[in-house]
Number of protein chains: 2
Amino acid sequence: MQLKKYTDYGLRILMYLGTKEGVDGRSSDDAKGKLTTIKAICETFDLSSNHVNKVVHHLGRLQLIETRRGKNGGFFLAKAPNEIRLDYVIRQLEGDEPWIECHNPYCVALPACELKGIVARGKELFYDYLHEFTLADLLKKRGQLQQIFSTAS
Amino acid sequence: MQLKKYTDYGLRILMYLGTKEGVDGRSSDDAKGKLTTIKAICETFDLSSNHVNKVVHHLGRLQLIETRRGKNGGFFLAKAPNEIRLDYVIRQLEGDEPWIECHNPYCVALPACELKGIVARGKELFYDYLHEFTLADLLKKRGQLQQIFSTAS
DNA sequence: TTATAATATGCATTATTCATGTATCTTTGT
DNA sequence: ACAAAGATACATGAATAATGCATATTATAA
């Protein structure tokens, strides 16, 4: 019972982008508006580039970030931080299956089982709570994060 | 993000015991007060006896059931169904680690990270909700469950 | 007191899923 | 044309859950 690292990495990437973001959604650490690259993320968080690659791609498909191929390519947030709800990010990256498995192996009690509904409702309460937060909430200590990200590598 | 089958099996076992339970906490399908055995559980739910063995042992250590070794041994509920709270059962069987892993690999953002607290609170809301329910709630359709369990095998 | 039926326990093995690695393709700016 | 970036497919490795096997321990009954 734990979120996948995949999901975790996705959230870290969004946080990183959130700290870089200027008015135009580009990296602000450079006047040229350089984009953030997978390489930069990997160096900052010390992660495998292959994995980050996939997560970035996924975030792109979700239209949470915009990716640019080719030289000087990279990616940046496609929405304002306060429009990126945590429940959505986690549900999508994590996958949204029921938290309890009634088939595989099939449970004979299924037709009279009250449990699956209770767990499903609990799951929804978890996500309802996450729905109250956005990426902006993760950036409260933005200055400190910027400092961490700029010195890490 | 899913409960372990181990946890699921534990809950099924408790439900099974709940349907058998008479005034004395013994199986009521037989005047002799025969105890429920691992074998009976395995036949009913079509599970591996080794796995059930371990879950039963765990439930015993948690004092949710009382186990009896030796010939004519078995086990039965050690508490009334309405005293067995689902949050407790699930927390114990599932293990109670944080749902998000900040170390392993260590995350540089940790000192300024708002995420861990949000997820931790969401997790608590999930368990708070489960706390409202007991095994008795899982036995609402007790008659139907009894019928299922007596015909399965 | 011996056989038997039950749980207890430890170790080994298998299966599943997550995580990571390698290679190559495609795109795009220089 | 070249180089730097993401896109994609496939393969491998690692972690953990699930299961299997063997044996010990205990209690009852013949």
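Keep in mind it's a predicted model, so treat the numbers as computed, not measured. Lettering follows sequence order; numbering is per chain, from 1.
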Sole candidate of A:Lys34, A:Arg68, A:Lys20 that passes side chain to side chain contact (heavy atoms under 4.5 Å, CB included) when paired with A:Phe76: A:Arg68
Nearest-Å distance, [atom1] ([X]) to [atom2] ([N])?
X        : N      : atom1 : atom2 : answer
B:Met1   : D:dT16 : CE    : C1'   : 17 Å
A:Glu97  : C:dT17 : CD    : P     : 10 Å
A:Phe76  : D:dA5  : CZ    : P     : 16 Å
B:Lys34  : D:dT28 : NZ    : P     : 16 Å
A:Leu35  : C:dG29 : CG    : P     : 11 Å
B:Glu101 : C:dC18 : CD    : C1'   : 14 Å
A:Asn104 : D:dA17 : CG    : P     : 16 Å

Do A:Leu17 and A:Leu59 make a side-chain contact, defined as non-hydrogen atoms from C-beta onward lying under 4.5 Å apart? no
Do A:Arg85 and A:Leu130 touch side chain to side chain, with heavy atoms closer than 4.5 Å? no
Interatomic spacing from CG in A:Asp137 to CD1 in A:Ile84 - rounded to 0.5 Å: 12.0 Å
Of all residues at least two apart in sequence or in a different chain, which pass the side chain to side chain donor-acceptor pair (under 3.5 Å) check with B:His58? B:Tyr6
Those residues that, when tested against A:Glu114, pass side chain to side chain donor-acceptor pair (under 3.5 Å) (two or more places apart): none
Kindly state which residues belonging to residues 2-15 of chain B come within less than 4.0 angstrom of DNA chain D, counting heavy atoms of the residue only, listed by number. B:Lys4, B:Lys5, B:Tyr6, B:Tyr9
Would you say C:dT30 has OP1 or OP2 under 4.0 Å from some side-chain N or O of A:Asn72? yes
Is there a side-chain polar atom (N or O) of A:Ser48 under 4.0 Å from OP1 or OP2 of C:dA19? no
If the condition is ring-ring contact (aromatic ring centres under 6.0 Å, His included), which residues does A:Tyr9 pass it with, not counting sequence neighbours? A:His51
Ring centres under 6.0 Å, that's the criterion: do B:Tyr16 and B:Phe149 meet it? yes
Kindly state each residue pair satisfying ring-ring contact (aromatic ring centres under 6.0 Å, His included) with at least one member in residues 100-124 of chain A, sequence neighbours excluded. none
Can you pull every protein N or O that's under 3.5 Å from an N or O on nucleotides 6-8 of chain D?
| residue | atom | partner | partner atom | Å |
| --- | --- | --- | --- | --- |
| D:dG6 | OP1 | A:Ile38 | N | 2.9 |
| D:dA7 | OP1 | A:Thr67 | OG1 | 2.9 |
| D:dA7 | O4' | A:Arg69 | NH2 | 2.6 |
| D:dT8 | OP2 | A:His57 | NE2 | 2.6 |

Quick check: on DNA chain C, is the nucleotide nearest A:Lys71 upstream (toward 5') of the one nearest A:His51, or the reverse? Name the residue that is more 5'. A:His51
